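In what follows, a structure is listed as structure tokens, so that the remarks can point back to it.
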Protein chains: 2
Amino acid sequence: MKNKIRIERAILNISQAELADRVQVTRQTINAIELEKYAPSAVLAMKIARVFGKKVEEVFELEEGD
Amino acid sequence: MKNKIRIERAILNISQAELADRVQVTRQTINAIELEKYAPSAVLAMKIARVFGKKVEEVFELEEGD
DNA sequence: ACACTTAGTAAAATATATTTTACATTTAGA
DNA sequence: TCTAAATGTAAAATATATTTTACTAAGTGT
């Protein structure tokens, strides 16, 4: 699962820690998802998209293997 | 996390088993999510929404506790 | 150069999602 | 009514996400 978290963070100009704070997870969780170490839960994906003012599909993209 | 899976299934007129098949999970997984026993992964939520031709936010809704 | 914020990483523990197998119940159609 | 399909449920096993603690490295501004 690919994502545009880094780009959206840059647009909002917020750190991983700040985003983590806003969606109530740890900074490491944001880092891991941003680096695509694993995919988030639907709840977290929706919260992240909401912070960015985007739809889930605009931030996350399904890949072949998913 | 609330969802409109039952309604969307009714519109498409497909069973839980058929939906499970299309998104490559077991029938029990669809049943559990539909009955809100637990929330899906982002991957699964996106696949389900895609089957229904809807955005994730049109099928799933965040609740207070999420 | 120094201090500070940000980002990357890792291992162990915990929480949660998903599978598997199996059975019970409800619903719909012939 | 009989039968088949669809749904609900449950326990145990496995997979995956998330937390916690902690350390390292990289970038920024002064």
Side-chain angles (χ1 to χ4, degrees):
Chain A
M1 166 121 150
K2 287 178 13 181
N3 73 78
K4 301 193 169 87
I5 294 177
R6 176 142 316 189
I7 294 168
E8 296 298 334
R9 272 202 311 109
I11 293 172
L12 270 191
N13 193 35
I14 60 176
S15 66
Q16 292 179 346
E18 169 72 14
L19 176 57
D21 223 50
R22 293 210 205 172
V23 298
Q24 325 218 65
V25 293
T26 63
R27 181 180 69 77
Q28 285 82 346
T29 295
I30 295 299
N31 183 261
I33 292 166
E34 183 167 313
L35 298 182
E36 294 170 7
K37 305 254 187 230
Y38 51 75
S41 64
V43 167
L44 183 48
M46 290 180 76
K47 283 177 166 183
I48 291 172
R50 191 173 56 181
V51 166
F52 296 148
K54 296 263 165 92
K55 298 286 186 187
V56 168
E57 283 87 349
E58 296 175 302
V59 180
F60 299 94
E61 187 181 356
L62 286 176
E63 297 186 276
E64 280 304 323
D66 292 333
Chain B
M1 169 123 147
K2 288 181 6 183
N3 73 77
K4 301 193 170 93
I5 294 177
R6 174 142 318 189
I7 293 168
E8 296 298 334
R9 273 200 311 107
I11 293 172
L12 271 190
N13 194 35
I14 60 176
S15 65
Q16 292 179 346
E18 169 72 15
L19 176 56
D21 222 51
R22 293 209 204 171
V23 298
Q24 324 220 66
V25 293
T26 63
R27 180 180 71 77
Q28 285 80 346
T29 295
I30 295 298
N31 183 261
I33 292 166
E34 183 168 314
L35 297 183
E36 294 169 9
K37 305 255 187 227
Y38 50 75
S41 66
V43 167
L44 183 49
M46 291 181 75
K47 284 177 166 182
I48 291 172
R50 189 173 58 181
V51 165
F52 296 148
K54 296 262 165 93
K55 299 287 188 188
V56 168
E57 284 86 350
E58 295 176 304
V59 180
F60 299 94
E61 186 183 355
L62 287 176
E63 297 185 275
E64 281 305 321
D66 292 332

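A quick note: this is a predicted structure, and the numbers were derived from the prediction, not measured. Every chain is numbered from 1, with letters handed out A, B, ... down the list of sequences.
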Name the pairs: protein N/O against N/O of nucleotides 24-30 of chain D, kept only if under 3.5 Å.
none

Report all side-chain donor-acceptor pairs from residues 59-66 of chain B shorter than 3.5 Å, counting only partners two or more places apart or in another chain.
unit_1: Glu63(B); atom_1: OE1; unit_2: Met1(B); atom_2: N; d: 2.8
unit_1: Asp66(B); atom_1: OD1; unit_2: Met1(B); atom_2: N; d: 3.4
unit_1: Asp66(B); atom_1: OD2; unit_2: Met1(B); atom_2: N; d: 3.2
unit_1: Asp66(B); atom_1: OD2; unit_2: Glu63(B); atom_2: N; d: 2.8

Close side-chain approach of Val25(B) and Ile33(B), heavy atoms under 4.5 Å:
no
Check: Lys47(A) and Val51(A) side chains under 4.5 Å, non-hydrogen atoms
no
Both Ala32(B) and Ala32(A) contact DNA chain D. Taking the nearest nucleotide for each, which residue is further toward the 5' end?
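Comparing both residues, the 5'-ward one is Ala32(B).
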Which residues in residues 53-66 of chain A have at least one heavy atom lying under 4.0 Å from any atom of DNA chain C?
none
Just how far, in rounded Å, is [atom2] of [N] from [atom1] of [X]?
{"X": "Glu36(B)", "N": "dG8(D)", "atom1": "CD", "atom2": "P", "answer": "12 Å"}
{"X": "Asp21(A)", "N": "dA7(C)", "atom1": "CG", "atom2": "C1'", "answer": "16 Å"}
{"X": "Gln28(B)", "N": "dT14(D)", "atom1": "CD", "atom2": "P", "answer": "18 Å"}
{"X": "Arg6(A)", "N": "dG8(C)", "atom1": "CZ", "atom2": "C1'", "answer": "9 Å"}

OG of Ser15(B) to CG of Asn31(B): how many Å apart, nearest 0.5 Å?
11.5 Å
Can you tell me which residue pairs pass the salt bridge (Lys or Arg N to Asp or Glu O under 4.0 Å) test with a partner in residues 11-27 of chain A, sequence neighbours excluded?
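Found Glu18(A)-Arg22(A).
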Does anything in residues 49-59 of chain A form a salt bridge (Lys or Arg N to Asp or Glu O under 4.0 Å)? List the pairs, not counting sequence neighbours.
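The answer is Glu8(A)-Lys54(A).
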Considering residues at least two apart in sequence or located in another chain, which fulfil the side-chain hydrogen bond (donor to acceptor under 3.5 Å, both in side chains) criterion with Thr26(A)?
Thr29(A)
Would you please name every residue forming a side-chain contact (heavy atoms from CB on, under 4.5 Å) with Glu34(A), sequence neighbours left out?
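Residues passing side-chain contact (heavy atoms from CB on, under 4.5 Å) with Glu34(A): Ile5(A), Arg6(A), Arg9(A), Gln16(A), Ile30(A).
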Check the interface with nucleotides 24-26 of chain C: list each N/O to N/O pair with the protein under 3.5 Å, or write none.
none

Shared hydrophobic cluster, Tyr38(B) / Tyr38(A) (ILVMFWY, side-chain heavy atoms < 4.5 Å):
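Yes; tracing contacts between hydrophobic side chains, which count when under 4.5 Å, links both residues.
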Path from Leu44(A) to Leu12(A) over hydrophobic side-chain contacts below 4.5 Å
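Yes, same cluster.
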Give every pair of a protein N or O atom and an N or O atom of nucleotides 15-18 of chain C that lie under 3.5 Å apart, one pair per line with the distance.
unit_1: dA17(C); atom_1: OP1; unit_2: Ala39(B); atom_2: N; d: 3.2
unit_1: dA17(C); atom_1: OP1; unit_2: Ala39(B); atom_2: O; d: 3.1
unit_1: dA17(C); atom_1: O5'; unit_2: Ala39(B); atom_2: O; d: 3.4
unit_1: dT18(C); atom_1: OP1; unit_2: Ser41(B); atom_2: N; d: 3.3
unit_1: dT18(C); atom_1: OP1; unit_2: Ser41(B); atom_2: OG; d: 3.0

Relative orientation of the end axes in the helix from dA1(C)-dT30(D) to dA30(C)-dT1(D), expressed as an angle to the nearest 10° (five pairs per end)
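Inter-axis angle at the termini of the helix from dA1(C)-dT30(D) to dA30(C)-dT1(D): 60°.
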Transitive ILVMFWY cluster of Ile7(B) at side-chain heavy atoms under 4.5 Å: who else is in it?
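Noted: Ile7(B) shares its cluster with Ile11(B).
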Set out, line by line, the N/O atom pairs under 3.5 Å between protein and nucleotides 2-6 of chain C.
none

Please confirm whether the shortest side-chain N or O distance from Asn31(B) to OP1 or OP2 of dT7(D) is below 4.0 Å.
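No, no such contact exists.
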